[in-house]
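Report on the following structure.
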Number of protein chains: 2
Amino acid sequence: MSEAATAMPILTDSEIYDSIVAAILDHRLAPGTKLGEEKLGRAFGVSRTRIRQVLVRLAAEQIVVITHNRGACIASPTPQEAHEVFSARLLIEPPLIKAFVSAADTPRLHALQHTLHQEEQALHDGDWRAAVRLSGDFHLQIAEGAHNATLEKILRELVSRTSLIIMAYDTPGKARRESHTCGCDEHEALFEAILARNAREASRLMKRHLQHLLDQISFKAREEQQTDLEFLFARS
Amino acid sequence: MSEAATAMPILTDSEIYDSIVAAILDHRLAPGTKLGEEKLGRAFGVSRTRIRQVLVRLAAEQIVVITHNRGACIASPTPQEAHEVFSARLLIEPPLIKAFVSAADTPRLHALQHTLHQEEQALHDGDWRAAVRLSGDFHLQIAEGAHNATLEKILRELVSRTSLIIMAYDTPGKARRESHTCGCDEHEALFEAILARNAREASRLMKRHLQHLLDQISFKAREEQQTDLEFLFARS
DNA sequence: TTGCACTGGATTGCATACAATCGAGTGCAT
DNA sequence: ATGCACTCGATTGTATGCAATCCAGTGCAA
């Protein structure tokens with residue numbers, strides 16, 4: 001809360017923006033969280049004016065929702081939105097990985113491999129937050145290597161929103177170890193296909209991977225709450 | 001300049017945003033145009049504070065560029081960006097029109113047909129601005145009918161940027177009547193395919209249409225200026 | 001004429017002040 | 001006890017003011 005109020009000389013708007021997005025990618029900032037302007041201002045050591053601009057930008061990217069006279073909250077994607085985000089990713093990422101396969105040079109491949117290893121390591125260490133973040137990085141690095149800044153930016157937004165979706169609808173507790181956090185296997189398979197310069201296979205695997213991610217999300221999380229309410233109604 | 005300074009009681013941020021975007025879609029606001037805060041504030045009858053928020057949003061959508069201590073200008077897409085925008089549209093719009101073919105109900109088809117007729121009429125009347133705007137509307141209506149708000153928003157941004165690209169790189173003067181403004185024929189063909197519920201054909205035609213749009217853009221516009229400079233250098 | 005330092009006006013960056021709005025909590029009436 | 005009107009603290013919306021920055025135009029020197 002009073003995270004960085006001291007001894008941080010100057011903080012650019014983008015840095016504030018990045019901090020907030022990073023917190024979301026880390027699953028440290030959950031959907032629905034209130035983002036009070038003054039509170040954030042204190043956290044970053046700047047005034048409301050600048051916070052507000054960052055919030056407006058985040059709202060434009062549908063990462064937060066600003067309600068008139070009621071301020072900003074982290075967006076809570078509806079199941080409908082979740083499906084939209086995934087169908088957008090299904091459209092965009094397979095071609096992106098194809099472009100990556102064609103264009104990626106050796107250092108980029110090494111960087112990707114490094115991320116993959118870090119992800120495995122994080123998972124092995126049980127560092128769940130790092131694993132989630134690195135999993136997103138894996139996808140973003142592929143987008144970076146495709147040399148299309150426009151699509152890359154679009155995917156950035158979609159990945160952030162995916163993070164919110166997972167927070168909102170992940171199957172709670174239970175089989176977390178063998179669920180999406182360990183799409184690591186699939187990331188590994190993707191990397192193999194990339195190394196082999198097999199664009200078609202990489203594209204196919206990407207589709208499957210995203211489909212699996214979507215399948216692992218249970219929209220019952222909210223529905224359960226609804227049924228709970230129904231129970232209450234029935235009893236009263 | 002002093003457009004609406006009087007007698008406009010209250011103007012919401014979205015309305016200001018919409019006005020500016022509309023001006024771009026109309027080709028009334030060219031790439032590179034300076035957007036002074038106070039000047040805009042006077043035009044809309046509000047203070048810089050609110051203008052600034054709108055500009056931040058437009059910047060997030062890459063429609064304007066904000067340079068530190070130098071304010072906001074309408075973005076001037078580079079040829080690279082232009083290619084990116086078109087490859088993004090080529091990715092997104094064919095599936096979108098397929099979804100439209102599956103999902104569109106009668107009123108929506110009528111609305112689309114109405115837009116098409118208006119476009120033809122505007123072209124016939126020589127109302128060039130209306131024709132350009134309606135041409136964009138045609139694409140956006142298809143996106144609306146595909147029931148994916150996320151992709152629709154993405155396409156909105158891409159269409160705005162396409163408008164800037166055309167302004168920046170359109171083959172000047174000359175064969176304007178038979179160029180993109182009269183992609184009307186192609187829009188008509190698209191509409192036919194939609195009416196026939198022929199999703200595959202519609203998708204194919206959409207790809208061709210976008211490809212034609214891209215082909216009609218001449219990136220020589222800027223290059224000519226450069227060669228002009230080279231001539232000057234050679235002579236001096 | 002060309003190059004460079006400087007200055008004044010204009011514009012932006014940012015914080016703050018004030019008005020408007022919300023909603024949790026209180027108290028009263030039923 | 002329940003419902004309802006009201007008030008007050010907290011938070012947001014918006015305008016304004018001031019400092020920082022830029023840049024066009026001027027003048028001076030080479």
Side-chain angles (χ1 to χ4, degrees), chain A residues 1-20 29 32-76 232-233 235-236, chain B residues 1-20 29 32-60 62-76 229 232-233 235-236:
Chain A
M1 206 162 285
S2 60
E3 195 172 315
T6 65
M8 197 159 291
I10 271 180
L11 217 46
T12 169
D13 283 7
S14 282
E15 289 172 316
I16 297 174
Y17 170 90
D18 288 340
S19 289
I20 295 176
L29 216 42
T33 306
K34 180 72 196 294
L35 297 178
E37 299 182 351
E38 204 148 12
K39 195 164 293 188
L40 274 180
R42 275 195 302 272
F44 288 105
V46 301
S47 94
R48 290 203 295 130
T49 309
R50 302 187 55 199
I51 294 295
R52 190 158 251 272
Q53 292 183 19
V54 174
L55 291 177
V56 166
R57 178 171 166 199
L58 287 164
E61 296 173 354
Q62 307 189 266
I63 292 168
V64 314
V65 173
I66 295 179
T67 312
H68 194 75
N69 280 328
R70 218 170 305 178
C73 291
I74 303 286
S76 302
L232 280 170
F233 273 119
R235 288 183 58 183
S236 72
Chain B
M1 203 162 288
S2 59
E3 193 172 316
T6 65
M8 197 160 292
I10 269 181
L11 218 44
T12 168
D13 283 8
S14 281
E15 288 171 319
I16 297 174
Y17 169 90
D18 288 340
S19 289
I20 295 176
L29 216 42
T33 307
K34 180 71 197 295
L35 298 178
E37 299 182 352
E38 205 147 11
K39 194 164 295 189
L40 274 179
R42 274 194 303 271
F44 288 105
V46 302
S47 90
R48 292 201 295 129
T49 310
R50 302 186 56 199
I51 294 294
R52 190 158 252 271
Q53 292 182 20
V54 174
L55 291 176
V56 167
R57 178 171 166 198
L58 287 164
Q62 308 189 264
I63 293 169
V64 315
V65 173
I66 295 179
T67 312
H68 194 74
N69 280 329
R70 217 170 306 176
C73 291
I74 303 286
S76 303
L229 280 181
L232 280 171
F233 272 120
R235 290 182 59 183
S236 74

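Given the structure is predicted, the values throughout are model-derived calculations rather than measurements.
- Straight-line distance from the CZ atom of B/R48 to the C1' atom of D/dC18: 11 Å, rounded to whole Å.
- Evaluated for a side-chain contact (heavy atoms from CB on, under 4.5 Å) with B/L35, the options B/V65, B/I66, B/I74 yield exactly one hit, B/I74.
- The minimum heavy-atom distance linking B/I51 with B/I16 is given by the pair CD1-CG2, 4.4 Å.
- Candidate nucleotides D/dT12, C/dT16, D/dA15 were compared by shortest atom distance to the side chain of A/E37, and D/dT12 ranks first.
- Put simply, NZ on B/K39 is 7 Å from P on C/dT11, counting in whole angstrom units.
- B/S14 has its side chain within reach of B/R57: a pair of non-hydrogen atoms, C-beta onward, lies under 4.5 Å apart.
- Across the protein-nucleic acid pair, B/R50 atom CZ and C/dC14 atom C1' stand 19 Å apart, rounded to whole Å.
- The NE2 atom of B/H68 sits 8 Å away from the P atom of D/dC22 (whole-angstrom rounding).
- The local environment of CD in A/E15 is crowded, with over 12 non-hydrogen atoms from other residues, nucleotides or ligands closer than 6.0 Å.
- In this structure, CZ of B/R42 is placed 11 Å from P of C/dA10, rounded to the nearest angstrom.
- For the pair A/R70 CZ and C/dG23 C1', the computed distance is 9 Å after rounding to whole Å.
- Here the shortest heavy-atom pairing between A/A75 and A/Q62 reads CB-O, 3.8 Å.
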- Task: In sequence, state the C-alpha distance, the side-chain angles, and the governing distance for A/L40 and A/V54, and then conclude on side-chain contact (heavy atoms from CB on, under 4.5 Å).
- Result: CA-CA 11 Å; A/L40 274 180; A/V54 174; over 6 Å; no

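- D/dA15 atom P lies 10 Å from atom CG of B/D13, rounded to whole Å.
- Taking every heavy atom of residues 56-66 of chain A and every atom of DNA chain D, no pair lies under 4.0 Å.
- In this structure, B/T49 and B/K34 both approach DNA chain C, and ranking their closest nucleotides by distance from the 5' end singles out B/K34.
- Residues A/Q53 and A/Y17 have side chains that never bring a donor and an acceptor to within less than 3.5 angstrom of each other.
- Each of A/L35 and B/N69 has a nearest nucleotide on DNA chain D; the 5'-most of these lies closest to A/L35.
- Picking from D/dT12, C/dA15, C/dT12 the nucleotide with the shortest atom distance to the side chain of B/E38 gives C/dT12.
- Atom CD of B/Q53 and atom P of D/dT14 are 7 Å apart (whole Å).
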